[in-house]
Protein chains: 2
Amino acid sequence: MEKMGRRERERQARRQEILDVAEKLFAQKGFFKTTLAEIADASEFGMATLYQFFPSKEEIYFTLITEKTEQLFSLIEKAVSRFDSSMDKLKALVTTAFNFFEDHRDFFKIFISERSGFEWMAKEDLGLRINQLYERYLMMLQNIIEEGINRKEIRPLNPAEIAYGLAGMINSFIFQWILKPVKRPLKSRIQNLLTMLFEGIAISHKKNA
Amino acid sequence: MEKMGRRERERQARRQEILDVAEKLFAQKGFFKTTLAEIADASEFGMATLYQFFPSKEEIYFTLITEKTEQLFSLIEKAVSRFDSSMDKLKALVTTAFNFFEDHRDFFKIFISERSGFEWMAKEDLGLRINQLYERYLMMLQNIIEEGINRKEIRPLNPAEIAYGLAGMINSFIFQWILKPVKRPLKSRIQNLLTMLFEGIAISHKKNA
DNA sequence: TCTAAATTAGAATGATTATTCTAATTTAGA
DNA sequence: TCTAAATTAGAATAATCATTCTAATTTAGA
């Protein structure tokens, strides 16, 4: 893996350059309104050069999404595996996601609008592949939760639904943070999210009669 | 308001027909991949006729979104106002939203992908207007929560953050329900969402030491 | 029934843009 | 230094639509 001549190394660097530039543009203007000419311009490559690296605009977009998503997932998996209790695992998961997106705002915009955008969904392949990625993420969540229920750390609610709920909360927190130019770092909200998730928002009046 | 001659009534009906057809198509293929020719075809109007009713494709799209969203919001406002305690209000809100989207799946697809799609965001006007709508929704949530905190029914967490979290949960529940062709009605999940929201998912071990 | 105004259908227009092509330019190795 | 192969730039191509135009067709009211 590490054996790459200068040639190949430079090629990879250029490829990455294209992806980085494209990421910024796609995040800014969305897939449809970003033109290849713009990507070529901004990356200072010619059109034909782009096609040397990627067979189509869609493929640039998709490569972008999958590579970064894989990266995020493997970070999460690693972080989660370090802990034993479900609460710690969930905390690690949220923390990792927040940190990651704090460093990759542009990517989050693409990630979230793709994930919610039904634009592809129908379209074979692309939409399918993206959806599978997200499924994997939900599954990871769901597994942690199921384990937590078995360990009697988590209430025996429907694990899939908890997973949806949590994923939604995470996305929403990040989304709002990106939308409003707030100074407070995203990670300062981790604790609030976890409190809300673990303890709920109600002040319990011992009314479990 | 009710005084409309046949002429005007028919015109309104045709307008609505266009919006309905467009809704289905936009939900299916997204804004960019839906062509006016398709809308004309499906609604059995000519191109020029569409332009008689709406000045542009964008305007059809936006009209669609705002009209239905206003409709949803006013339902929610009405439902919420019937209750006193914050918990009941939140329950009414979730119930209304779930019921509404259960009946308007197509619209939800558009709503959610627009709300998360940064595609417009940059674009003046449209993106702005859509965002304001969503802000209003978040504000409604936030107000209920603030009131609940004052009434000591809800923990004194950051109200805006709770609002984001809850909105995210709601969206995520609906989203998953639409994605997977599940037989179980959406409303059957209301209670689970509320439990999760109110009580949290942790089994408390009286460990508040 | 007749006619001017309103409405409509569908073709023409014009702009945009992904992709391909052509002709340099650069590179690596002799 | 030389040259064949690889790489590149940027123009040409071809397709896709949103929008506008033209010529019917329909309507309302006399």
Side-chain angles (χ1 to χ4, degrees), chain A residues 3-26 28-65 110 119-120 122-127, chain B residues 3-19 21-26 28-65 119-120 122-127:
Chain A
K3 270 279 127 72
M4 269 197 283
R6 178 179 57 76
R7 204 130 244 267
E8 182 59 14
R9 232 176 315 120
E10 283 181 6
R11 192 180 163 77
Q12 287 304 318
R14 276 193 294 261
R15 190 187 111 107
Q16 194 55 51
E17 174 72 15
I18 294 173
L19 288 177
D20 289 346
V21 164
E23 177 176 328
K24 188 165 303 173
L25 290 171
F26 282 137
Q28 216 156 73
K29 340 193 350 172
F31 177 79
F32 291 101
K33 304 224 284 194
T34 301
T35 69
L36 275 190
E38 287 171 318
I39 298 177
D41 253 29
S43 63
E44 297 175 60
F45 288 112
M47 295 263 183
T49 312
L50 299 186
Y51 278 88
Q52 203 65 20
F53 287 90
F54 302 96
S56 71
K57 182 183 171 187
E58 288 191 6
E59 200 58 31
I60 296 179
Y61 191 64
F62 181 68
T63 303
L64 194 60
I65 294 178
I110 298 173
E119 308 246 335
W120 295 110
K123 252 209 103 184
E124 64 279 70
D125 216 31
L126 242 201
Chain B
K3 272 276 125 75
M4 269 197 285
R6 177 179 57 79
R7 203 129 243 267
E8 181 60 12
R9 232 175 316 119
E10 282 182 5
R11 193 180 162 75
Q12 287 304 317
R14 276 194 293 263
R15 190 187 111 108
Q16 194 55 51
E17 173 71 16
I18 294 172
L19 288 177
V21 164
E23 177 176 328
K24 187 165 303 174
L25 289 172
F26 282 137
Q28 214 158 72
K29 340 191 356 173
F31 176 81
F32 290 101
K33 304 224 283 192
T34 301
T35 69
L36 276 191
E38 286 171 320
I39 298 177
D41 253 30
S43 63
E44 298 175 57
F45 288 114
M47 295 261 183
T49 312
L50 299 186
Y51 278 88
Q52 204 65 19
F53 288 90
F54 302 96
S56 70
K57 182 183 171 187
E58 288 191 5
E59 201 57 32
I60 297 179
Y61 192 64
F62 182 68
T63 303
L64 194 60
I65 294 179
E119 307 248 335
W120 296 110
K123 253 208 104 181
E124 63 279 70
D125 215 30
L126 242 203

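Proteins get letters first, then strands, A, B, ... in listed order; numbering begins at 1 in each. Bear in mind that the values here come from a model prediction, so they are computed numbers and not experimental data.
B:Lys33 has its NZ atom 18 Å from the C1' atom of D:dA18, to the nearest Å. The CZ atom of B:Arg15 sits 18 Å away from the C1' atom of C:dT7 (whole-angstrom rounding). At whole-Å resolution of the value, OH in A:Tyr51 and C1' in D:dA6 are 20 Å apart. Taking atom CZ of A:Arg14 as the reference point, atom C1' of D:dA6 lies 11 Å away to the nearest angstrom. The interatomic distance linking B:Gln52 (CD) with D:dT19 (P) rounds to 15 Å, in whole Å. Rounded to whole Å, the distance from OH on A:Tyr61 to P on C:dT17 is 17 Å. Separating the CZ atom of B:Phe54 from the P atom of D:dA18 is a distance of 16 Å, rounded to the nearest angstrom. Remark: C1' of D:dA15 and NZ of A:Lys57 are 14 Å apart, rounded to the nearest angstrom.
Between C:dA11, C:dA18, D:dA18, one nucleotide has an atom nearer to the side chain of B:Met47 than all others, and that is C:dA11. Comparing C:dT17, D:dT20, D:dA9 by their closest approach to the side chain of A:Phe45 singles out D:dA9. Set against D:dC21, D:dA18, C:dT19, the side chain of B:Ala48 has D:dC21 as its closest nucleotide.
Taking the six-membered ring where the residue is Trp, B:Phe26 and B:Phe31 present parallel rings, their angle staying beneath 30° rather than reaching 60°.
Side-chain atoms of A:Ile60 and A:Phe53, non-hydrogen and from C-beta on, never get closer than 4.5 Å to each other. Counting only heavy atoms from C-beta outward, the side chains of B:Ser43 and B:Thr49 never approach each other to under 4.5 Å. Within the 4.5 Å cutoff, the side chain of A:Met47 has no heavy atoms near those of the A:Leu50 side chain.
Distances shown here put every side-chain N or O of A:Arg11 at or beyond 4.0 Å from the OP1 or OP2 atom of D:dA6. Of the side-chain N and O atoms in B:Thr49, one or more sit less than 4.0 angstrom from OP1 or OP2 of C:dA9.
A:Glu38 comes within 4.0 angstrom of nothing in the nucleic acid, heavy atoms only.
Checked options B:Lys33, B:Lys24, B:Lys29; the residue passing with B:Glu38 is B:Lys29 (criterion: salt bridge (charged side-chain N to carboxylate O under 4.0 Å, His left out)).
Nucleotide D:dT27 is matched to C:dA4 when pairs are restricted to Watson-Crick or G-U wobble geometry with both distances under 3.5 angstrom. In this entry D:dA18 has C:dT13 as its Watson-Crick or G-U wobble partner, both defining distances falling under 3.5 Å. Under the Watson-Crick or G-U wobble criterion, with both distances below 3.5 Å, D:dT13 is paired with C:dA18.
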